[in-house]
Amino acid sequence: MATQNLLRLPRVEAATGYKRSTIYRLIQQGEFPSPISLSESGRASAWIEDEVNTWIQKRIRESREGGSK
């Protein structure tokens, strides 16, 4: 199995240009990848880098195609 890189929230914010509230709103709407839990307490989480990059590439394609989904 290939190694997956994980991104913490500040890196996801930097990559997307969105702040925490927008990222979590998009997750609730099913429009952004969900984070994974890094601890049993659930207080630490991260996003899988490939999923975030795929989401960014999809947004770029949609933007270039005139906003069609």
Side-chain angles (χ1 to χ4, degrees):
M1 178 179 216
T3 301
Q4 295 286 324
N5 292 320
L6 301 176
L7 304 176
R8 297 299 300 267
L9 183 59
R11 298 241 347 249
V12 174
E13 289 176 329
T16 63
Y18 290 144
K19 290 296 184 186
R20 179 184 195 276
S21 59
T22 301
I23 292 167
Y24 279 99
R25 180 175 47 80
L26 290 171
I27 291 167
Q28 287 180 333
Q29 295 171 347
E31 298 178 14
F32 193 79
S34 295
I36 61 167
S37 180
L38 298 177
S39 66
E40 290 182 25
S41 68
R43 295 193 59 160
S45 61
W47 284 258
I48 298 171
E49 185 176 33
D50 288 347
E51 292 179 357
V52 173
N53 288 336
T54 297
W55 181 87
I56 291 169
Q57 292 303 314
K58 180 181 177 205
R59 296 290 298 151
I60 291 169
R61 274 193 314 277
E62 290 172 355
S63 175
R64 299 292 184 241
E65 294 171 358
S68 63
K69 289 187 177 184

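Since the structure is predicted, the reported quantities are computational estimates derived from the model, not experimental observations.
When all heavy atoms are compared, the tightest approach of Glu51 to Ser34 is OE1-O, 4.2 Å. Heavy-atom minimum distance, Ser45 versus Arg8: O-NE, 2.9 Å. A pairwise comparison of heavy atoms in Ile56 and Ala15 identifies CD1-O, 3.7 Å as the closest pair.
When the options Asn53, Thr16, Val12 are evaluated for a side-chain contact (heavy atoms from CB on, under 4.5 Å) with Trp47, the one that passes is Val12.
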Anything under 3.5 Å between a donor and an acceptor, one on a side chain of residues 17-24, the other on a protein residue two or more places apart or in another chain? List them.
none

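Taking the side-chain contact (heavy atoms from CB on, under 4.5 Å) definition, one finds that Ile36 meets it with Leu6, Leu38, Ile48, sequence neighbours left out.
By the neighbour-count criterion of 12 heavy atoms within 6.0 Å, atom CD of Gln29 is densely surrounded, having more than that number from other residues, nucleotides or ligands.
Residues Ile27 and Pro35 have side chains in contact (heavy-atom distance under 4.5 Å, counting atoms from C-beta outward).
Rounding to the nearest 0.5 Å gives a distance of 9.0 Å between CH2 of Trp55 and CD of Glu31. Atom-to-atom distance recorded for Ser63:OG and Lys58:NZ is 13.5 Å, nearest 0.5 angstrom.
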